[in-house]
Amino acid sequence: MKDSRGCLDGFEVGAHGYSHEDFTLLDIETAEGLLKQTSDTIRDLLGTRPRSIRFPYMKATPELLGMLPGLGFSVDSSLYSPAESCRPYPLPNGISELPVLRDPGSGRTSYLWPAHEGKRDYGSFISLAESVPDDGTFVLCDHSWHICESRMNGIRTEEDIGKTVRGLRELLESLLDLGCQPMAVSDAVSIH
Ligand SMILES: [Zn+2]
């Protein structure tokens, strides 16, 4: 491993496109080439290829999912499920799907995006997590840059960063208090 200082211990680096492309707009050869380039780049940086992927914008097609095994991926997390089905399940191509929660009634998902943009309380994710069965998996989704930059307002001030981190910390502490066990995507799949 090239992470000689162990900064990534306990974490898993998955793929999320090469530059956040909407893969459903690309022809299949271009899409496959970009997925390979993404995997190669992560391997060059970290020494290991990514095993898991979430397609940008949660936009994956059966055709895109079908090419994942040949590129070394064994887990996808680009599909939504209601709370009662939030647990890993096999896809027809043999890889595992770890779905992201989307509540059919409210349309709310477990993506932190609206909270980071001030459109939802961080606390609202707790009731979403509570709606997942005890043997299910609650996937909390985020973009690492979102702590430092708002999509609507640009680079955050130090004060805004502090507020965002506090909101996130309180949410994570509440989820731990609920009994959630944090784990990497591939680990969540392998224990099921
Ligand atoms: Zn994204």
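Both counts, for ligands and for their atoms, begin at 1 and track the order of listing. One-based numbering along the sequence shown.
The set of protein atoms (N, O or S) found at less than 2.8 Å from the Zn ion (ligand 1) reads H16 NE2, H20 NE2, H143 NE2, by chain and number.
Enclosure of atom CD in E84 by more than 12 non-hydrogen atoms of other residues, nucleotides or ligands within 6.0 angstrom is indicated. The environment of E158 atom CD is sparse: at most 12 non-hydrogen atoms of other residues, nucleotides or ligands sit within 6.0 angstrom.
Ring to ring, Y57 and H20 are close: their centroids are under 6.0 angstrom apart. In summary, the aromatic rings of Y111 and H116 are positioned with their centroids too far apart to meet the 6.0 Å limit.
Every residue two or more places apart in sequence or in another chain was checked for a salt bridge (Lys or Arg N to Asp or Glu O under 4.0 Å) with R54, and none qualifies.
Side-chain N or O atoms of E117 include one that pairs as donor or acceptor with a backbone N or O of R151 at under 3.5 Å.
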